[in-house]
Amino acid sequence: MKLEQMYQEIILDHYRQPHGAGLREPYDAETHHVNPTCGDEVTLRVKLDGQSVQDVSYESLGCSISQASTSVLTDLVVGKSVEEAFRILESFQEMAQSRGKVPGDEEIIGDGIAFAGVSRYPARVKCALLGWMAFKDAVARVKEEA
Amino acid sequence: MTTLQTPTAGLDVASIRDDFPILSRTVREGRPLVYLDSGATSQRPRQVLDAERAFLETHNAAVHRGAHQLAEEATDDYEAARSKIAVFTGAEPEELVFTKNATEAINLVAYAMSNSSIRTGLGPESERFAVGPGDEIVVTELEHHANLVPWQELCRRTGATLRWYSVTEDGRIDLDSLALTERVKVVAFAHQSNVLGSIAPVEELVRRAQAVGALTVLDACQSVPHMPVNLTELGVDFAAFSGHKMLGPSGVGVLFGRTELLDAMPPFITGGSMIEMVRMEGSTYAPPPQRFEAGVPMTSQAVGLGAAVDYLSAIGMDTVFAHERELTKVALDTLREVEGVRIIGPDSLEQRGGAVSFVVDGVHAHDVGQVLDDRGIAVRVGHHCAWPLHRRFGIAATVRASFHVYTTAEEVAQLADGVRAAREFFGVA
Ligand SMILES: Cc1ncc(COP(=O)(O)O)c(C=O)c1O
């Protein structure tokens, strides 16, 4: 396993120029997730429009993997139905936690497959999932409140 | 690639390395292992592994129980380990309690204080450990969570108030940041910071604590393994350290408590082995250290720790410290030359041991660590269980290199090269 396989160009691109970064109004729910082993943090907001994801905005403090994966998340879920967004999330999560066994389905997770290499590094899987779990939690909160 | 030779007088690192089987393995596709994470846990020499095996193959039995020959031999070995550790740390054997690790040792004191604070059924001798509303527990901002959270919890349970010394920009405890009053019951602090490497002014802190009648608790996790420490001369009331950071096994740690204090202190964990007399209505407890060692304790681990102490003593802790000082100098000198590197902690060798933490502008610590790992270099990344300290410096994570007697200057010098490679890889060079 080489460094380049883990840090694919796509990841580095998203890291250098994160998509959808910054916290925006209006929003329906905000969550704050931390990775307790390294102190990385993300604050994430979602705005739903009926059954679809209208906006995901975030502010994060963390490594390239966590920043890039949150950036990819916004690309993948904004504009999708909540149901579809969760299908993408599950697919991404399955790949990320597979220890390199699940290559990921590009049809579903697009740029997300660039994180397949990360799944071989157990210590970094949490980084890859930080923003995603914050998103999942935020949507759940909107639903709870509704 | 930087090459450096800094031999420490009287130390043959090459032959020491031969004692550590793990150091000859490779990682990540054939790279020689460069282990710079001894602050998290140290590696163990064959002498320690052999001592554990020999104990288990010839003397293993439950200690302090049974009258058969094996039980006698096992108990003798266990107690012999305690005596060796006592000599090593300038304590009496009865002043040392075996625990699981330093974390448990500190919790033991905090929970004994909690129990004292409840008062019911306890004699007047335990009053000195009682705390309540209006009392204060003092720590520092640089503490490992192991010497912070147990005190936060003690305060929560008893209504006492937690206060702390802050940390200066160059990584020292700021002695001017807090004035102790008669309300202070405990002053707990790290002998050497696991992040900054700075060594605390123990004598001054003990003097200040004693002046207000407070107990002192020394977190000696990063000092006992790396420098000569005489707990009696330091004058602290309690101290804690872990076997696995001093070339010994995991699963064994030590609480030191001055005899007079352990004699008066109520137990934390109760059950078998720690009693004097048990009736259905209630029980009385054994003298220390047994009072604090409930249940069948770790045995081969204690024996292994005794062997680790023999190993370190044969080298000499002055030599270990001098060696790590050389390594720290190499680390500071080579890292300082790398653009964008900021050392978190003292940038000099004064009152400083070998933990070197740093951040790299534009590259997160995790990413630096990954590039280093790719080159076979094992460092710690993150907050190293000192989150408030990192917050104090306005950072989420640092890269930490830490050493032991088997670390070479060449290995340390590879660190700076790896950091340069990380800057290049992430396009900030
Ligand atoms: C300064 C300090 N205190 C306490 C601890 C906790 O030691 P253990 O996890 O062995 O209980 C450590 C270990 O990282 C440490 O470095």
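A note on names: the letters A, B, ... follow the listed sequences, proteins ahead of strands, and every chain is numbered from 1.
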With rounding to the nearest 0.5 angstrom, report the CG to CD distance, D374(B) to Q5(A). 10.0 Å
Between the CD atom in Q370(B) and the OH atom in Y7(A), the distance rounded to the nearest 0.5 Å is 4.5 Å
Could you pull out every donor-acceptor pair under 3.5 Å between side chains of residues 93-100 of chain A and any protein atom, sequence neighbours left out?
| unit_1 | atom_1 | unit_2 | atom_2 | d |
| --- | --- | --- | --- | --- |
| S98(A) | OG | M95(A) | O | 2.8 |
| S98(A) | OG | G100(A) | N | 3.4 |
| S98(A) | OG | K101(A) | N | 3.2 |
| S98(A) | OG | V102(A) | N | 2.9 |

Inter-chain contacts: residues 392-402 of chain B against chain A, heavy atoms under 4.5 Å: A396(B), A397(B)
Min side-chain heavy-atom separation [X]-[Y] under 4.5 Å:
X       : Y       : value
H364(B) : Q67(A)  : no
D40(A)  : H366(B) : yes
R375(B) : L3(A)   : no
V34(A)  : W387(B) : yes

Need one label for S64(A): side chain, backbone, both or neither, based on atoms under 4.5 Å from any heavy atom in chain B. both
Is it the case that over 12 heavy atoms from other parts of the model lie below 6.0 angstrom from the CD atom of E339(B)? no
Counting only heavy atoms not in K80(A), do more than 12 fall under 6.0 Å of its NZ? yes
Check each atom of V371(B) against the heavy atoms of chain A and say whether the ones under 4.5 Å are side chain, backbone, both or neither. both
Which donor-acceptor pairs under 3.5 Å do the side chains of residues 15-29 of chain A make with protein atoms, sequence neighbours left out?
| unit_1 | atom_1 | unit_2 | atom_2 | d |
| --- | --- | --- | --- | --- |
| Y15(A) | OH | G362(B) | O | 3.3 |
| H19(A) | ND1 | D75(A) | OD1 | 3.0 |
| H19(A) | ND1 | D75(A) | OD2 | 2.7 |
| R24(A) | NE | D55(A) | OD2 | 2.9 |
| R24(A) | NH1 | G20(A) | O | 3.4 |
| R24(A) | NH1 | A21(A) | O | 3.2 |
| R24(A) | NH2 | G20(A) | O | 3.1 |
| R24(A) | NH2 | D55(A) | OD1 | 3.2 |
| R24(A) | NH2 | V56(A) | O | 3.0 |
| D28(A) | OD1 | K47(A) | NZ | 3.3 |
| D28(A) | OD2 | L48(A) | N | 2.7 |

Are any of the side-chain nitrogens in D367(B) or R124(A) under 4.0 Å away from the carboxylate oxygens of its partner? yes
In residues 128-142 of chain A, what donor-acceptor pairs under 3.5 Å come from side-chain atoms, sequence neighbours left out?
| unit_1 | atom_1 | unit_2 | atom_2 | d |
| --- | --- | --- | --- | --- |
| W132(A) | NE1 | S69(A) | O | 3.2 |
| D137(A) | OD2 | H33(A) | NE2 | 2.9 |
| R141(A) | NH1 | E30(A) | O | 3.3 |

